[in-house]
Amino acid sequence: MPEVIVNLHMHTRYSDGSGNHRDIAGAGIAAGVDVVIVTDHNVLVDGFEGYYKEKNKKVLMLIGEEVHDQARDPQKNHLLVFGAGRELATYADSPQRLIDQVREAGGLAFIAHPDDPAAPVFKETDISWEDWSAQNYHGIELWNALSELKTVLPTKLHGAFYAFFPKLVATQPIPATIAKWDELLSTGAKVVAIGGSDAHALKMSMAGIHREIYPYEFHFRTVNTHVITPEPLSGEVNHDRKMIYEGMAAGHCFVGYDLPAPTRGFTFTAQGMEKNVSMGDEISAKNGVTLQAKLPDDNAEMRLLKDGIVIQTWKNKQSFAHITTEAGVYRVEAYRRYLGKQRGWIYSNPIYVR
Ligand SMILES: [Zn+2]
Ligand SMILES: [Zn+2]
């Protein structure tokens with residue numbers, strides 16, 4: 001099946017990013033992603049969707065928005081909105097009403113950075129999601145590269161260090177967010193996981209040093225959402241937008257940290273008596289199901305989880321097959337060593353064995 005690499009969740013000068021849409025398109029092409037989804041804060045910016053081309057390369061830019069209630073203190077509950085086609089920031093004061101409006105507009109609603117801790121030395125407040133009574137959203141941003149950065153900034157010196165060595169930051173999604181995802185899945189709900197960069201191309205000035213930390217292009221080489229699609233991108237914007245958003249809504253995707261090694265080519269599927277399914281799909285446990293995963297290479301540790309618990313681990317194996325008759329929510333994680341540390345590499349969406 002074709003696979004489309006999507007980098008999503010980023011900001012331009014229309015909100016608090018430092019670059020413009022052209023910069024983002026250029027960075028997307030340079031990094032080799034297929035799609036970028038721009039999500040400025042509380043504004044749906046018109047007129048930039050489409051294919052951007054340089055020489056023989058191209059990237060599809062889609063425009064969503066990141067909505068939150070700016071009158072709320074602290075400014076929590078950020079929601080990523082994709083494909084709604086109209087401005088919805090007016091509903092920001094009620095997360096549930098906002099989600100309902102996104103659904104009504106045919107869009108997708110994802111909870112942004114569910115856990116986003118404070119970084120007091122940089123005057124960054126905690127902007128985690130609070131309103132867990134909300135329902136009917138499509139999923140959560142399991143891995144947000146910027147929230148993770150905030151977890152490693154006890155002092156300004158740490159900030160300066162990671163500004164110069166950004167490759168050392170990313171280790172894995174915040175563990176509390178993974179635990180929350182498993183908890184949500186345990187209720188029987190389908191909750192799609194996506195990975196976002198939250199790229200701002202921030203400018204930092206400290207002790208006379210001026211530096212753009214986390215340029216867009218760097219972000220686009222790190223945490224991506226890989227969407228499995230029924231056909232390759234056609235080059236026709238409306239067709240491709242629909243196909244990508246349908247894939248994300250169905251959970252036909254995985255989160256890949258592409259910096260240590262490309263995650264393109266990962267698959268997680270299930271074969272039953274009557275049908276074969278992929279991530280995000282349901283299958284009957286009756287008569288047994290064979291779960292199969294395959295990595296792009298074997299230099300990793302693969303874990304199969306059932307209902308949030310690791311039930312089997314494979315080291316340096318490129319694929320596995322696991323036969324089960326037990327209902328449960330099955331998902332795969334892969335880890336590999338990179339720059340002296342074991343790091344999260346791949347987080348699949350679940351297969352729901354019912
Ligand atoms: Zn946010
Ligand atoms: Zn953001």
Side-chain angles (χ1 to χ4, degrees), residues 6-21 23-24 27-28 35-45 48 61-82 84 87-89 91-93 95 98-99 102 107-119 122-132 134 137-151 153 166 169-170 173-174 176-177 180 193-204 212-216 218-220 222-225 248 255:
V6 179
N7 195 282
L8 57 87
H9 188 172
M10 65 203 67
H11 301 274
T12 71
R13 287 176 205 156
Y14 282 86
S15 57
D16 56 352
S18 77
N20 60 33
H21 292 82
D23 299 331
I24 286 176
V35 180
V36 288
I37 310 180
V38 182
T39 52
D40 274 306
H41 292 288
N42 301 303
V43 57
L44 185 68
V45 181
F48 290 101
M61 180 178 289
L62 298 176
I63 308 291
E65 68 178 313
E66 182 178 18
V67 180
H68 76 278
D69 183 2
Q70 290 165 288
R72 191 187 191 282
D73 184 24
Q75 297 191 13
K76 296 187 174 208
N77 297 331
H78 293 203
L79 191 77
L80 292 170
V81 177
F82 306 121
E87 181 58 74
L88 293 168
Y91 299 99
D93 60 338
L98 172 61
I99 292 164
V102 173
L108 278 65
F110 283 86
I111 289 173
H113 44 75
D115 294 280
D116 196 296
F122 289 97
K123 299 192 174 68
E124 293 285 343
T125 53
D126 182 319
I127 48 165
S128 304
W129 185 268
E130 287 279 291
D131 191 356
W132 287 109
Y137 48 88
H138 289 80
I140 64 168
E141 186 182 34
L142 181 72
W143 197 345
N144 173 299
L146 204 65
S147 313
E148 196 188 359
L149 174 66
K150 285 170 78 182
T151 66
L153 299 178
V169 175
I174 293 176
T177 306
K180 188 70 195 183
I194 56 172
S197 57
D198 215 347
H200 289 74
L202 295 171
K203 301 260 201 289
M204 189 190 81
E212 182 180 305
I213 57 167
Y214 284 76
Y216 293 117
F218 173 76
H219 268 298
F220 299 170
T222 59
V223 178
N224 289 305
T225 301
M248 286 168 60
V255 179

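In each ligand, atom 1 is the first atom listed, and ligand 1 is the first ligand listed. Positions are given from 1, in the same order as the sequence printed here. All values below come from the heavy atoms of this structure, side chains included, with hydrogens, waters and symmetry mates left out. On a predicted model such as this, the values are computed, not experimentally measured, just so you know.
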What one should report as the nearest heavy-atom pair of Asn224 and Phe220 is ND2-O, 3.2 Å
Does NZ or CZ of Lys180 lie under 6.0 Å from the centre of the six-membered ring of Trp129, at an angle within 45° of the ring axis?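 Pair Lys180/Trp129 does not count as cation-pi.
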Pick one: which of His11, His219, His200 meets ring pair (Phe, Tyr, Trp, His ring centres under 6.0 Å) with Tyr214? His219
Test side chain to side chain contact (heavy atoms under 4.5 Å, CB included) on Leu79 and Ile111 and set out the steps. CA-CA 5 Å; Leu79 191 77; Ile111 289 173; 4.2 Å; yes
Is the number of heavy atoms from other residues, nucleotides or ligands under 6.0 Å of Lys123 NZ greater than 12?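 Atom NZ in Lys123 is not crowded, with 12 or fewer foreign heavy atoms closer than 6.0 Å.
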Give every protein N, O or S atom lying under 2.8 Å from the Zn ion (ligand 2), naming each by residue and atom. His9 NE2, His11 NE2, Glu66 OE1, Asp198 OD1
CG/Leu80 to CZ/Phe82 distance, rounded to the nearest 0.5 angstrom?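 So the CG of Leu80 and the CZ of Phe82 are separated by 4.5 Å.
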